[in-house]
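We count ligands from 1, going down the list as the structure has it; atoms in each ligand are counted the same way.
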Amino acid sequence: MTNATQTLRNNNIKATPQRIAVFNAIYSTNKHPNAETIFRYLLPSYPSMSLATVYKTLKTLKECKLIQEINVGEDSFRYDFNITNHSHLICINCKDVSDINNSNWFKIIKEEIRSNTSFTPLYEQVYIYGVCNECSE
Ligand SMILES: [Zn+2]
Ligand SMILES: [Zn+2]
């Protein structure tokens, strides 16, 4: 687990208990939560926390490139501690978002684009919609 206090301080963010909690909430899951999910998850332990604080903290963490915001086509953003470019699988039933690693197809597509157009592809963010393992049972 990343040391939240140290990481926040290294980025000149005041390490308040609520900010640490938001940071840890994202870094402890690969579920790509949105602000409301984080808020509901933290509320029992931080009853004085407001949704606005969660949003503000997420904005700060994003600006410091400690998390990335992803848009999976919902009306709110999801948050990801993995700040590298990577692609996602999205369950249309339970809205579960998971990472796709080793996206070899992009290398193939990149080559294809290079040889057929004058466009230079740099990175990709692919969202693949489907049904997750749990929902298909
Ligand atoms: Zn599902
Ligand atoms: Zn991700």
What is the distance from atom CH2 of Trp105 to atom OG of Ser87, rounded to the nearest 0.5 Å? 4.5 Å

May I have the step-by-step check of salt bridge (charged side-chain N to carboxylate O under 4.0 Å, His left out) for Glu111 and Lys107, ending in yes or no? CA-CA 6 Å; Glu111 282 318 307; Lys107 283 183 200 131; over 6 Å; no

With the Zn ion (ligand 2) as the point of reference, which N/O/S atom of His88 is the closest? NE2

Give a rough value, rounded to 10 degrees, for the angle at the Zn ion (ligand 2) between atoms OD2 of Asp80 and NE2 of His32. 90°

Row for the Zn ion (ligand 1): angle SG (Cys135) to SG (Cys94), 10° precision, value 110°

Does either side chain, that of Gln68 or that of Tyr79, offer a donor lying less than 3.5 Å from an acceptor on the other one? no

Consider only side-chain N and O atoms of Thr60 and Thr57, and report whether a donor and an acceptor are under 3.5 Å apart. no

Restricting to N, O or S, what is the name of the atom of Asp99 that lies nearest the Zn ion (ligand 2)? OD1

